Amino acid sequence: MIACLWWLFAWGCGPDVGFPTCAVDDAIPTRDDVPTWQGEIRALTELRCNGCHGEGGVGPMPFETFEEAAPWAPVIAAVTADRTMPPWPPVDCCRPLQHPLALTADEIGAFAAWADGGAPEGDPADYVAPDLPARGLPHVDLTLAMPEAYTPDPRDGTTDDTRCFLVDWPEDDVRYVTGLGLTPGTPEQVHHALLLVAGPLAVPSLQLLDRASPGPGWSCPGGVVWGATGWIGGWSPGWEARQLPAGTGQKVAPGSKLVLTVHYSLTDPPGRPDLTTLDLMLADQVQSQLDALSVYDPAWLVGGMKIPADDPDVMVSFRTHPHKEKVLVGANLHMHERGSHGSVGIEHADGSRECLLQIDRWDHDWQGDYLFEQPVPLAKDDALWVECHWDNTAANQREIDGVAEAPHDLAWAEDEEMCVAFVSARDP
């Protein structure tokens, strides 16, 4: 924590420890009967699995038919029992979140009983279609795209390339973005993407960066865009298009540009041309404009975040005081492959803490923007904080072409590690 002492009076360090890990009830109910594909499992996969394991999804195998799913029954039972699938990293004991993907104990038990019973198909007449939630945006008012296709080209010896692209904003009047759908052109190599707003005064400096860099866009490690004036949202594998909280929107003024930051991860090179597109839902007015409160130590960007090789638990944390009365509606936590667990929260003026987002088993491949089921008030004297833990041992390294990297010292960089939280807020 010494690295952030020089920011202490303006920002603040710590707290030193976040929330304790959650106790998970691993008990799966035992069933005396054997469910069938047609009678129960088909509807369950349609409801819980096929957003990824369906046509055009990021899942490596489809589960849309009995013939496709049955051979995988033992694997499905195993990965649902250990709760790695469906991917839902947030813990239940922190705060209720919208659109949860986690299975119930009864649903896990159904998959287990089906697999243990030989994965029978059953009678097609027994199938009852599930009540699927609405997917995508109710309407799309504007579709935009990167200015031209970009082929990722990581530096020698690395696998990651984070690129920022300016996207023209065609509207002549103030509009508010109220929903976002993001479609990568090559989803197999897009690790995640973020969409921000650059107001008219910020555009010239970003255009200089763009013009000074060969090819489309410019290199922006970590997706950090100094001068961006707004945050619309992001995309990670498996995430659907979604609306912003009711009555809110991100303001985009005439003369602005959107900034699309795309993190490409090429563990299976070479790079292929990507042309990511954006579907936007717009409004002329909203009840409240959204604001993105970022939480990270600026000292981390210049060598203040050291993660030694072979250390099983390296922790950093940071506290910042927005000095604003706000209503919080969502949170995002970002680390890379060696992350193990982390949390985002509020530290109240009386010293008490309130959890906003907690992830006890970090998975670099499954991270996203989480919306709170109920908004959370932030008082003017409250602080926001983030805490990140890494396991930098040989057992927790990324693989390149099937070979795990050797542990080495890490710092803040696009192909090393990061720790940052974004908290979405509106005015009271």
Side-chain angles (χ1 to χ4, degrees), residues 15 18-29 44 47-49 51-52 80 82-109 130-135 178-180 231 233-236 238-248 287-288 290-293 295 325-335 341-348 352-363 366-379 382-388 421-428:
F19 298 101
T21 57
C22 290
V24 177
D25 182 5
D26 289 323
I28 299 173
L44 190 53
L47 183 65
R48 297 296 203 179
C49 308
C52 288
T80 55
D82 69 12
R83 293 176 169 82
T84 57
M85 289 288 157
W88 184 249
V91 297
D92 293 336
C93 65
C94 174
R95 177 171 304 281
L97 301 171
Q98 296 184 28
H99 315 298
L101 299 178
L103 295 177
T104 66
D106 286 341
E107 290 170 335
I108 295 173
D131 185 13
L132 296 174
R135 289 177 173 169
T178 59
L180 167 66
W231 160 283
W235 175 91
S236 292
W239 286 76
E240 303 275 353
R242 59 177 52 194
Q243 299 179 64
L244 301 184
T248 68
Q287 295 174 1
S288 182
L290 281 181
D291 190 11
L293 307 176
V295 190
E325 187 175 338
K326 288 286 186 179
V327 175
L328 309 181
V329 298
N332 170 297
L333 176 65
H334 179 64
M335 292 184 285
H341 58 286
S343 53
V344 185
I346 300 173
E347 185 169 283
H348 297 291
S352 63
R353 298 173 183 167
E354 185 173 0
C355 186
L356 294 176
L357 176 66
Q358 181 170 328
I359 296 175
D360 286 348
R361 294 196 301 175
W362 176 260
D363 189 331
W366 300 106
Q367 52 186 304
D369 301 312
Y370 301 100
L371 299 177
F372 307 142
E373 195 171 274
Q374 298 294 331
V376 183
L378 181 77
D382 288 343
L384 292 172
W385 58 267
V386 63
E387 180 178 307
C388 295
F422 295 100
V423 181
S424 297
R426 61 172 173 82
D427 292 331

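Source: prediction; values computed, not measured.
- Under a 3.5 Å cut-off, the side chain of S288 and the backbone N or O of D427 do form a donor-acceptor pair.
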Does D291 form a salt bridge (charged side-chain N to carboxylate O under 4.0 Å, His left out) with R426? I'd like the steps, not just the answer. CA-CA 6 Å; D291 190 11; R426 61 172 173 82; over 6 Å; no
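- Closest approach of V386 and A421 over heavy atoms only: CG2-CB, 3.9 Å.
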For a side chain to side chain contact (heavy atoms under 4.5 Å, CB included) check, start with the C-alpha distance between I346 and L384, then their side-chain angles and the critical distance, and finish with the verdict. CA-CA 5 Å; I346 300 173; L384 292 172; 4.0 Å; yes
I would like to know whether L333 and C388 meet side chain to side chain contact (heavy atoms under 4.5 Å, CB included); could you show each step before the answer? CA-CA 9 Å; L333 176 65; C388 295; 4.1 Å; yes
Show me, pair by pair, the donor-acceptor contacts under 3.5 angstrom made by side chains of residues 97-108, not counting sequence neighbours?
unit_1, atom_1, unit_2, atom_2, d
Q98, NE2, F372, O, 3.0
T104, OG1, E107, N, 3.1
T104, OG1, E107, OE1, 3.4
E107, OE1, R48, NE, 3.2
E107, OE1, R48, NH2, 3.2
E107, OE1, T104, N, 2.9
E107, OE2, R48, NE, 3.3
E107, OE2, R48, NH2, 3.4

Evaluate disulfide bond (SG atoms under 2.5 Å apart) for C355 paired with C94, printing each intermediate quantity in order. CA-CA 5 Å; C355 186; C94 174; 2.0 Å; yes
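- A 4.5 Å side-chain heavy-atom check between V329 and L244 finds every atom pair outside the cut-off.
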Verify side chain to side chain contact (heavy atoms under 4.5 Å, CB included) between R95 and V376, making sure each step is shown before the conclusion. CA-CA 10 Å; R95 177 171 304 281; V376 183; 3.4 Å; yes
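- Heavy-atom minimum distance, R361 versus D82: NH2-O, 2.8 Å.
- Pairing each heavy atom of P375 with each of V327, the nearest pair is CB-CG1, 3.4 Å.
- D360 and H341 are not linked by any side-chain donor-acceptor pair at a separation below 3.5 angstrom, with hydrogens and angles left out of the test.
- Between G233 and L180, the shortest heavy-atom distance links the atoms C-CD2, 3.8 Å.
- Closest approach of G109 and I28 over heavy atoms only: CA-CG2, 3.4 Å.
- Residues meeting the side-chain contact (heavy atoms from CB on, under 4.5 Å) test with D363, sequence neighbours left out: D365, W366.
- For the atom pair CD of E354 and CH2 of W385, the computed distance is 11.0 Å after rounding to the nearest 0.5 Å.
- The structure places CZ of R353 at 13.5 Å from CG of D382, a figure rounded to the nearest 0.5 Å.
- Note on ring orientation: taking the six-membered ring where Trp is involved, the planes of Y370 and W88 are perpendicular (angle over 60°, cut-offs 30° and 60°).
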